[in-house]
Every structure is written in structure tokens, then in C-alpha cells.
Protein chains: 2
Amino acid sequence: MPFHPACHSYEPVTIADRLFLDLRRAILEGDLPAGKKISEPELANIYGVSRGSLREAISKLENCNLVTRRPNIGARIVSFSIDQLMEIYQIREAMEGMAARLAAKNMTEPELAHLKSLVARHKDSLAHTERTTKTDYSQDADLDFHFCIIQGSKNQRLLTMLCQDLYDLVRFYRMRLSPAFSSTAMQEHELIVQALERRDGEMAELLMRYHVRASRDRAKQRLESMSPEELGNHH
Amino acid sequence: MPFHPACHSYEPVTIADRLFLDLRRAILEGDLPAGKKISEPELANIYGVSRGSLREAISKLENCNLVTRRPNIGARIVSFSIDQLMEIYQIREAMEGMAARLAAKNMTEPELAHLKSLVARHKDSLAHTERTTKTDYSQDADLDFHFCIIQGSKNQRLLTMLCQDLYDLVRFYRMRLSPAFSSTAMQEHELIVQALERRDGEMAELLMRYHVRASRDRAKQRLESMSPEELGNHH
DNA sequence: TGAACTAAAATTGTCGACAATTTCACGTCT
DNA sequence: AGACGTGAAATTGTCGACAATTTTAGTTCA
């Protein structure tokens with residue numbers, strides 16, 4: 001039942017921190033609709049905090065690219081756009097490809113074992129369960145898979161750039177598209193793990209780039225088959 | 001004589017914005033030494049602003065990865081580390097490689113012409129001038145080159161991630177290493193431009209990745225030949 | 001001498017009030 | 001009716017003061 005902390009898994013010691021986590025969750029889960037303007041006095045009243053703390057939380061949300069601010073105008077939740085989603089996939093192809101290459105070199109054996117068990121569980125769940133609650137779990141498992149590899153790269157900056165600056169956006173879109181996780185994608189995951197086991201960085205990067213590119217194509221295909229109303233819901 | 005705005009090229013309409021630009025410049029140029037703790041009351045007095053505005057500026061500096069904050073402890077300027085520099089090069093290899101690939105497809109003819117003239121001027125300057133003021137100009141020219149290609153990728157998110165989240169750090173290190181720009185690097189630039197002219201994305205990516213990797217190796221070699229005192233100056 | 005406790009000083013976090021700017025509503029003019 | 005200008009209302013930016021936490025300095029005790 002976790003919200004999937006990934007990064008941002010620190011204790012909210014200060015009011016602004018707790019507010020940031022609450023608002024982040026609200027945005028990702030759709031409580032605060034995409035594209036909506038944020039009213040500082042209104043939100044400050046709702047959460048029972050001062051405007052100063054709220055502004056600090058909004059500033060953190062801006063770092064995650066979940067809101068955009070303009071001076072003297074205000075902040076608004078990031079809005080849904082197919083083009084932006086495709087841009088994100090292109091960046092993930094490059095960065096996660098590099099992460100896989102580095103992980104093949106730097107991942108520890110326990111980390112590899114953990115990744116393997118994760119994929120095995122995932123495969124099991126995909127084979128044995130009905131389609132009912134599959135998507136939810138699969139999506140989390142997918143994020144876990146990518147997170148493990150990024151962490152295994154042992155490049156701290158790469159980790160923070162992906163987790164802090166990009167993955168919140170990934171969740172933002174994922175929550176609004178609720179795509180089915182295909183068995184094809186899981187097979188791609190397995191191939192990547194095999195390359196990592198062989199410590200073949202070159203191949204791991206190629207396979208990861210292919211996987212992200214294929215995921216992008218699948219997402220695009222799904223989006224183009226969706227009705228305009230379905231897409232419009234999120235604006 | 002520009003400070004090289006790259007991104008962040010907006011008018012500082014608010015006090016916190018101007019403060020942010022001033023502090024950013026101070027950090028990059030070494031007025032605020034690396035690793036130093038930021039005293040909010042002290043800085044607020046120096047710049048003659050309230051602590052609130054200063055805190056907002058610090059928050060923006062945190063986005064640029066130029067300072068790190070810990071709750072109830074405070075903010076300090078990012079500190080110099082060879083490992084971190086190497087991490088940044090790895091990320092640049094992946095992201096700028098992708099940028100070159102996309103630029104080969106999406107760059108407009110005027111943009112390409114501008115890039116060509118930029119490299120030509122660069123080559124000229126490297127051939128005709130003495131070594132005196134060469135490095136300064138060359139460094140800016142190098143950044144301009146990379147910036148042009150990133151911009152030519154037409155991936156807005158890639159542009160902001162590189163310019164806002166990474167390139168300030170690149171400048172931070174560049175200003176403290178003051179490396180000579182080699183004619184080798186310039187030849188690599190020329191090869192990349194030729195690939196872009198042919199609209200050969202595959203080759204452009206390969207050449208850019210090679211260029212970034214070679215630059216990393218050159219930087220590492222320079223660093224290892226520096227004395228510990230030289231390196232220690234920046235802590 | 002040095003480790004541990006204590007109180008004072010300094011620093012960061014939080015808040016409410018005021019100033020500057022934007023947004024909205026109304027009335028006027030063409 | 002619609003465009004334009006004006007003033008009020010609302011929103012954001014800025015500030016100084018207070019509260020909570022951390023750091024420091026000093027003292028005591030083993």
C-alpha cells in the first residue's frame with residue numbers, strides 16, 4: 001500500500017517538508033487537478049499553516065517540476081501534454097541507458113539478487129493473478145525495477161536527477177494514463193537483468209534504451225487510440 | 001564580457017530573483033568559497049534585504065545544485081569533489097549524446113549556420129591569438145557550442161534539465177580548474193558539426209559521446225597532475 | 001586531561017502584517 | 001454592443017518579530 005517513496009524518503013522534520021509531501025501526493029493522485037492555479041491563501045487555510053511555509057513547499061514542488069511559477073502571477077500545477085511525455089521518454093532513454101551501463105559494472109551481488117527476486121515476483125504475479133488488480137501492482141513493480149538499476153549505477157548525481165527531477169513527472173503521467181503493463185515489457189526486463197548478471201554494460205545499455213523506446217511507442221499508441229474526452233479529463 | 005547567461009536569462013523582476021543571480025555569480029566566481037556555510041543574517045545584512053527574500057534565493061540556488069540545505073542546520077555552498085565531477089561527465093555523455101542525435105533531426109538551417117560560424121570563429125581565435133587570454137574565451141565558446149546543440153534538439157525538458165540542473169555545476173568546476181581548451185577538443189567539435197550537417201543522428205550521438213568522454217579523461221588527467229595544495233584551495 | 005552536562009548565544013523555522021502588483025468589475029465613450 | 005479606461009478587490013512579494021532548534025562556551029566531575 002505504499003505511495004512509492006523512491007527518493008524523498010526522508011522524515012518530514014519541518015512543516016514545509018510535511019506540506020511538500022502532502023501536496024506532492026495530492027498532485028500525483030489527482031486531488032489537485034492538472035493545470036489548476038494554486039491559491040496561496042486558500043491552500044494555507046486548508047492545511048492550517050502560514051503562507052510562508054506554504055511558499056517554501058511550493059518552491060520544493062517547483063524543483064520536482066510538478067508546478068511552475070511566474071513572478072507576481074502565481075503557481076500552477078503542471079499540465080498534461082503528450083509532447084512533454086514523449087520528451088521525458090527521450091531523456092529516460094539516454095539517462096537510464098547510461099544507468100544500466102554503469103550498473104553492470106557497479107551493482108553489488110546483493111543488489112543484483114534483490115533485482116532478480118523483484119523480477120521473479122513480478123513475473124509470478126503477472127502469470128497467476130487475474131487482470132483485476134494487476135495494473136496497480138505492476139506499475140509499482142516497474143518503477144521499482146528502474147529505481148534498482150539507477151541505484152545500482154552508483155552515480156549519486158544520476159540518481160538524484162532522475163528521482164528528484166524526472167520521476168515525479170513520470171508518476172504524474174502514469175497516474176493519469178493507468179496503462180496496462182504488458183508481458184512484453186516484462187520480457188524486456190528479464191533480458192536486461194541477464195545482461196547485468198553477465199556484467200555486460202554495453203548490452204545492458206542497448207537493451208535498456210530499447211526498452212524505454214518501446215515503452216514510449218506503446219504509450220504513444222495507447223494515447224492515440226484514446227478518445228479526446230478521456231485525454232481532456234486531465235486538463 | 002558576458003557572464004554567460006545560457007538559461008536563467010530572464011529579467012530579475014523580484015528582489016529574490018536579483019539576489020539569486022547575484023549569489024549565483026558570487027559562487028561561480030569564487031567570492032563565496034566552496035563548502036562554506038551560508039549565514040542567513042550575515043548575507044541578508046550584506047545585501048540589504050530581509051531574510052525571507054534571501055531564503056527564497058537560497059532555495060533557487062538549491063535547485064541549481066549550487067548549495068545544499070539541511071533542516072534546522074542551514075545551507076552551505078556545494079563542495080569540490082573529483083568524484084562528483086566525474087559523475088557529471090557521465091551524465092553529460094548520456095544526455096548530450098541524445099541531444100546531438102535529436103539536433104541532427106530537429107536543428108533548423110539558421111541554427112546550423114550559427115553553430116558553424118561559432119566553431120569557425122573559435123578555430124580562428126585558437127589559431128591567431130597568443131595563449132594569453134585564450135582560455136577565457138575558449139571556455140565560453142565551448143559552453144556556447146554545447147548549448148547550441150542542446151537547444152537544437154528541440155527537447156525543452158532536456159534543455160532545462162541540462163541548463164538549470166547541471167550546467168551551473170559545470171561552470172562551478174570549470175571556474176575552479178581553468179583548464180586549457182585543446183585543439184583536439186576543437187577538432188572533435190568540427191566532426192560533430194559535420195555529422196549534424198549530414199543530418200546523421202546516429203553518428204552525431206556517437207561523436208558527442210566520444211567528445212564528452214575524452215573531455216572527462218583530459219580533465220581527470222589534469223586533476224591527477226595537480227598538486228594537493230592546488231586542489232585544496234577550493235575546499 | 002578530557003568527557004559529560006548546562007545554560008547562554010546564535011541560527012533557523014514560522015507567523016502575521018504591510019506594500020506592490022495583478023486581476024476583476026464597473027462605468028464611460030465611440 | 002464592444003472597446004477602453006478607472007478604481008476596487010484579491011493575490012503575490014517583502015518585511016520584522018517571535019518560537020524552536022542547534023551550536024557554543026563554560027563548568028563540573030571522574
Side-chain angles (χ1 to χ4, degrees), chain A residues 8-24 26-27 31-79 164 235, chain B residues 8-24 26-27 31-79 164 235:
Chain A
H8 300 306
S9 60
Y10 58 95
E11 280 303 300
V13 57
T14 181
I15 290 183
D17 278 342
R18 178 167 24 249
L19 239 181
F20 162 67
L21 290 178
D22 286 351
L23 288 176
R24 190 173 81 109
I27 293 173
D31 285 347
L32 292 173
K36 183 187 180 185
K37 182 172 186 306
I38 290 179
S39 166
E40 292 185 4
E42 183 185 338
L43 268 191
N45 270 332
I46 290 178
Y47 285 91
V49 298
S50 80
R51 260 184 63 225
S53 301
L54 175 66
R55 282 167 67 86
E56 191 143 336
I58 291 178
S59 191
K60 290 173 188 293
L61 289 172
E62 198 183 7
N63 301 16
C64 302
N65 298 307
L66 289 180
V67 312
T68 57
R69 277 179 90 179
R70 284 193 306 170
N72 282 319
I73 304 280
R76 55 176 60 243
I77 315 286
V78 71
S79 56
Q164 282 188 13
H235 281 231
Chain B
H8 300 306
S9 59
Y10 58 93
E11 279 304 300
V13 56
T14 180
I15 288 182
D17 279 341
R18 177 167 25 248
L19 240 181
F20 162 67
L21 290 177
D22 286 351
L23 288 176
R24 189 172 82 109
I27 293 174
D31 286 345
L32 291 174
K36 184 185 181 187
K37 182 171 185 310
I38 290 179
S39 166
E40 291 184 4
E42 184 186 337
L43 267 191
N45 270 332
I46 291 178
Y47 285 90
V49 298
S50 81
R51 259 185 63 226
S53 300
L54 175 67
R55 282 167 68 86
E56 190 142 338
I58 291 177
S59 191
K60 289 174 190 292
L61 289 172
E62 199 183 6
N63 300 16
C64 301
N65 297 307
L66 289 180
V67 313
T68 57
R69 280 179 88 180
R70 284 193 307 171
N72 282 319
I73 304 279
R76 53 176 63 242
I77 315 286
V78 72
S79 55
Q164 282 187 13
H235 280 232

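Throughout, a chain's letter reflects where its sequence line sits, starting with A, and its residues are numbered from 1. Predicted model only: the values in this text are computed from it and were never measured.
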## Note on the structure
Per the under-4.0 Å heavy-atom filter, residues of residues 36-45 of chain A near DNA chain D come out as Lys37(A), Ile38(A), Glu40(A), Pro41(A)
## Note on the structure
Heavy-atom closest pair (Phe20(B) atom, Ala57(B) atom, distance to 0.1 Å) is N-CB, 3.8 Å
### Message
Salt bridge or not between Glu56(B) and Arg55(A)? Use side-chain N to carboxylate O under 4.0 Å.
### Response
yes
### Query
On DNA chain C, which is the earliest and which the latest nucleotide, 5' to 3', with an atom closer than 4.0 Å to a heavy atom of chain A?
dG13(C) to dT23(C)
### Query
Pro71(A) and Asp17(B): which non-hydrogen atoms are nearest, and at how many Å?
CG-OD2, 4.1 Å
### Task
Decide yes or no on side-chain contact (heavy atoms from CB on, under 4.5 Å) for Leu23(B) and Leu43(B), but give the supporting numbers first.
CA-CA 10 Å; Leu23(B) 288 176; Leu43(B) 267 191; 4.0 Å; yes
## Note on the structure
Between Gly48(A) and Pro71(A), whichever has its closest DNA chain C nucleotide further toward 5' is Gly48(A)
### Query
Does Lys36(A) NZ have over 12 foreign heavy atoms under 6.0 Å away?
no
### Partner residues of Arg18(B) under the side chain to side chain donor-acceptor pair (under 3.5 Å) criterion, sequence neighbours left out
none
### Task
Going by the side chain to side chain contact (heavy atoms under 4.5 Å, CB included) test, name the single residue among Val67(A), Leu19(A), Leu66(A) that passes it with Arg24(A).
Leu66(A)
### Summary
DNA chain C nearest-nucleotide lookup for Gly74(B) and Arg70(A): closer to the 5′ end is Gly74(B)
### Query
Are side-chain heavy atoms of Glu62(B) and Ile58(B) found at a separation under 4.5 Å?
no
